[in-house]
Each structure stands twice: as structure tokens, then as C-alpha cells.
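First up is the structure itself, then whatever we jot down about it.
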Amino acid sequence: MLQTIKRLFPVFLSVSLFSVIVMLCCIRESDNKIHMIPTDSATVPTRNTSSKKDHVFHQGEMRGIWIPYFSLSNGNTSMTESEFHTYFDTIIKKAKENDINTLFVHVRSHCDAVYPSKLFPFSTIFTGSSASPDYDPLGYMIEAAHNAGLEFHAWINPYRILSDGTAEDIPADSPCYRWLHDSIDENDRNIIECSGGVYLNPARAEARKLIIDGVRELVAGYDIDGVHLDDYFYMFTESEYDLADYEEYNGTVGQSTTVLPLDQWRCANVNILVSGIYAVIKNIDNTIQFGISPQGNIDNDLAMGADIYTWCEKYGYIDYIAPQIYVNFENEILPFDTAVEDWKALTKNKKIRLYIGLALYKSGSGEDGGTWNTGEDIIGKEIGYIREAGTDGYILYSYDYLDRLF
């Protein structure tokens, strides 16, 4: 059921580590000239050639678990350092009891951080405000995971600022706040309000730079094993939300060039970010893996600017893809086995690993017309299927539902 679409082919030009990296994303148009998307530039720090890693990576199958931000404090906004250590040790113990070898931990969910950052305010989950606790949660989580023989991937929502609210609700200590109060009106376009939330604008170079700088800070400062993005890309399909940026892009197109359609232009904007993140990570420490967990429905991904075809085929974007195939074998629209085979066919670059995101939270529930509540071990059967299919492993959503596994 793979759809035939025109592929996005970026032009990625890299020079020395001390110079500027230029990323150009474009669409191949048959018999037409190509109009390039305006470029971003980023100064990439010199790679530390000495290995930071002194622990053993998992061998063979990935068996991962997503730990969302709200699971890191369990609702306790007054955890002491000792209490947090004890709590996270419990998370590790439970993960290992369930044969997990990799943690995907939410370290930046709303343009904030669960670590001391020069760019982002501290997450409110630890203190009830953006005030920092007197310890570094991320530093301990990485150390504890590695001591237990687990890999640690830092999970980021790249564009989300607020899940609920308007731009006026952005806190004053957010890096996005100044854009609303800057004298330059165009800075307002760095953020977009839609669907009751507030998001960074994927079309804006300044917004992309903030995200990439945040990844640079993480990779340079912490001994993480991976950087992980989930499916928050374009949160809208309506044209009015980014009309000014699209019209600005159209204004740069000459008469002899072809204007990208809106959906392809959006994919190109996201590709600039993805390739930029990849470059920053690899130039600091090329052992760190970079992956994305898009929606399991391929058509939905393309509609939200996630150019999974390019990511899964070309070099310079990702090391692994982890589609959220949150359906079972009885799903009438997209059965689990069909979705897995679609993603296998789509992942043409054999150096890119394919992990399958599984809906552990649906197991035994009334979701999807009650097809998850049949008394059968659906997750176990799905794991068996992806092993037979020859994928590289799975990631479970989420830690809070581990008692439903098997």
C-alpha cells in the first residue's frame, strides 16, 4: 500500500569541520530546473576524537522503552536528589526485569530541559516551576543506565512549545519569549499557534537554529548514546498558518525555476532541520545514533512534513527509524503485519536500522473497537512477527504500562 510520490532529494554540501555546513533541500522535477530552498548555516564544533564511551552497547536486537517526561517525577514536584535517584533506580530495575536494553528518555518535551541548560528553562515536572532543582536529573539517569548495562537515548520534541495555550502564555524564561517582544515583527513568525498549542515554525531558520543548538548542547555535554525525535513535525495542514513564509519562498523563485508545492516545501523545511541535527551530532561524536519515530501511517507522515522516503533511503539524515505502528493484526484500516511490511520495503538504505514502535498502552484495553481486549498476548505476537520479519527490534510505549507486557 505504499503510495507513489515524488521523492525529496536534498543537496548536502559539507566542507571542513571549521567552516560552515550548508544544507540545501530540493525536489527533483522531471525536465524542469530545480529551485533550492534557502540555506541555513551552522558552526559545528570540532569533533572530540577521544571516545567518551566506556560501556558496552547492546548487541543484536533493540528492546527499548519510551519514558515520557511525566513519568520522570511520577507527579512529585518536590523530589529531593535522593528520592529521584531511588525512583529512577526503580525504573531501571523494572526495565531490566522486562528484558529492556535501551531507554528512550524524554529530556526536552516543551522547549524546556530536564538538565541545566544555557538555552532552555528547567522542566516544571521536578519543581512545579522552571526553577532548577539542586541536582542534575539527566546526569544521574545516564550514569545509572550505563552502570546497569542499558543504553540511553535522549528523546526530544523538536517543535513543541506549549501543548495548551497561546503565544502569550509562553513563560518569560523561554528562549521563544523574546520573539514576541522583539522590535522586529518578523520574529513573531518563528512561532505558530494551532490546535490549541504553540509550536516553533519549521520554515524559520532562527527556530531551526534553536533546536540544533539544543542538540549540540546535549551531545557535547552528556555521554548519551542517541538523540531521538518523535512525530511532532507540522501540526497543521491548513495553508494559512505558514502562508507568509510560503509566499516569501515563492518570491525567491525565478521565472526559469519550479515552485515546490506546499506539502513538498514543508517536507524540505523539516529535512533541513533533520540533516542539520545529523551533521552536528556526527561532527561531535559519530558513535552517537540519531533516529526518528514517525507515525506508523505513511500517508499521515507525508502530510505532516515527515519525508520518511528520503530519511530511509539517503545518507546524512538518520541512523534508525522507529515507526509507531500502534495497531494490531485485526485493524481494518492498517493491519499490523501490512504496516510492518510497508516499512520494511520503504527502508531501502540497509545501513538504517528499523525498530518498530509498539502500543503497549493499548494492550488489554478497549481501544480500536475492543480488538486489544481479546485475552490474547497481542504484543507478544507482534514481537514474534517483527522478529520473523527480520527487523532490528522494537520500542514499547510506554514505561507506565510495563506490567502489561506478556
Side-chain angles (χ1 to χ4, degrees), residues 5-13 20-29 32-43 111 158-162 166-168 170 174-195 197-214 229 232-277 279-280 301-307 310-311 317:
I5 67 165
K6 294 181 179 178
R7 308 285 181 81
L8 292 171
F9 291 94
V11 178
F12 182 78
L13 174 64
V20 175
I21 286 183
V22 180
M23 289 154 287
L24 302 174
C25 289
C26 61
I27 300 293
R28 176 179 292 174
E29 298 285 350
N32 286 321
K33 294 185 178 180
I34 294 172
H35 178 62
M36 301 296 183
I37 297 295
T39 65
D40 288 349
S41 63
T43 302
C111 223
Y159 297 111
R160 184 169 61 183
I161 303 172
L162 297 173
T166 68
E168 294 303 322
I170 296 175
S174 169
C176 308
Y177 180 85
R178 63 184 174 83
W179 289 330
L180 294 177
H181 302 276
D182 196 289
S183 58
I184 303 175
D185 292 338
E186 279 194 357
N187 284 343
D188 290 352
R189 286 161 52 192
N190 288 329
I191 59 178
I192 290 177
E193 297 179 37
C194 69
S195 303
V198 185
Y199 302 87
L200 291 169
N201 184 350
R204 302 293 292 175
E206 192 171 0
R208 292 192 293 262
K209 182 178 184 301
L210 174 63
I211 299 167
I212 293 173
D213 285 347
L229 306 186
Y232 279 83
F233 297 104
Y234 274 88
M235 297 304 295
F236 52 85
T237 57
E238 299 85 353
S239 61
E240 63 265 23
Y241 285 112
D242 55 353
L243 182 60
D245 295 291
Y246 187 56
E247 288 181 342
E248 182 180 272
Y249 154 71
N250 285 339
T252 67
V253 179
Q255 293 183 352
S256 60
T257 54
T258 301
V259 176
L260 303 185
L262 178 63
D263 58 343
Q264 295 177 357
W265 172 78
R266 287 174 173 171
C267 281
N269 288 327
V270 174
N271 277 353
I272 294 174
L273 175 72
V274 171
S275 59
I277 291 175
V280 163
D301 287 318
L302 298 171
M304 66 193 306
D307 180 17
T310 294
W311 301 346
Y317 291 93

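Since we're looking at a predicted model, the values are computed, not measured. Note that these values count all heavy atoms, side chains included, but never hydrogens, waters or copies made by symmetry.
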As an exercise, state the distance from [atom1] of [X] to [atom2] of [Y], rounded to the nearest 0.5 Å.
X: R160; Y: F233; atom1: CZ; atom2: CZ; value: 12.5 Å
X: H181; Y: N187; atom1: NE2; atom2: CG; value: 12.0 Å
X: I161; Y: N201; atom1: CD1; atom2: CG; value: 9.5 Å
X: D307; Y: D263; atom1: CG; atom2: CG; value: 10.5 Å
X: L260; Y: N250; atom1: CG; atom2: CG; value: 9.0 Å

- Query: Sequence neighbours excluded, which residues qualify as salt bridge (charged side-chain N to carboxylate O under 4.0 Å, His left out) partners of D213?
  - Reply: K209, R216
- With R189, which residues qualify under salt bridge (charged side-chain N to carboxylate O under 4.0 Å, His left out), at least two apart?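 Only E186, D245, E248 meet the salt bridge (charged side-chain N to carboxylate O under 4.0 Å, His left out) criterion with R189.
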- Tell me, please, which residues at least two apart from Y159 pass ring-ring contact (aromatic ring centres under 6.0 Å, His included).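 Once residues adjacent in sequence are excluded, Y159 has no partner under the ring-ring contact (aromatic ring centres under 6.0 Å, His included) criterion.
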Should [X] and [Y] count as side-chain neighbours, where that means a heavy-atom distance under 4.5 Å?
X: D301; Y: W311; value: no
X: V259; Y: W265; value: no
X: I212; Y: L273; value: yes
X: L210; Y: C111; value: yes
X: I191; Y: L180; value: yes

- Of all heavy-atom pairs between P202 and V270, which one has the smallest distance, and what is that distance? CB-CG2, 4.5 Å
- Task: List the steps and the verdict of side-chain contact (heavy atoms from CB on, under 4.5 Å) for Y234 and I192.
- Result: CA-CA 10 Å; Y234 274 88; I192 290 177; 5.8 Å; no
- Message: Restricting to side-chain contact (heavy atoms from CB on, under 4.5 Å), what partner residues turn up for L162, sequence neighbours left out?
- Response: D169, I170, V198
- Message: Can a donor-acceptor pair be found, under 3.5 Å and without considering hydrogens, that links the side chain of S174 to the backbone of C176?
- Response: yes
- Task: Say whether, by atom type as modelled, one donor and one acceptor occur between the side chain of E193 and the main chain of T166 under 3.5 angstrom.
- Result: no
- Query: Is there a side-chain contact (heavy atoms from CB on, under 4.5 Å) between I277 and L229 once you walk through the steps?
  - Reply: CA-CA 10 Å; I277 291 175; L229 306 186; 4.0 Å; yes
Distance-only donor-acceptor pairs under 3.5 Å for side chains of residues 235-244, two or more places apart:
unit_1: D242; atom_1: OD1; unit_2: R266; atom_2: NH2; d: 2.8
unit_1: D242; atom_1: OD2; unit_2: R266; atom_2: NE; d: 2.9
unit_1: D242; atom_1: OD2; unit_2: R266; atom_2: NH2; d: 3.4

- Item | Non-neighbouring partners of Y246 that pass side chain to side chain donor-acceptor pair (under 3.5 Å), sequence neighbours left out | none
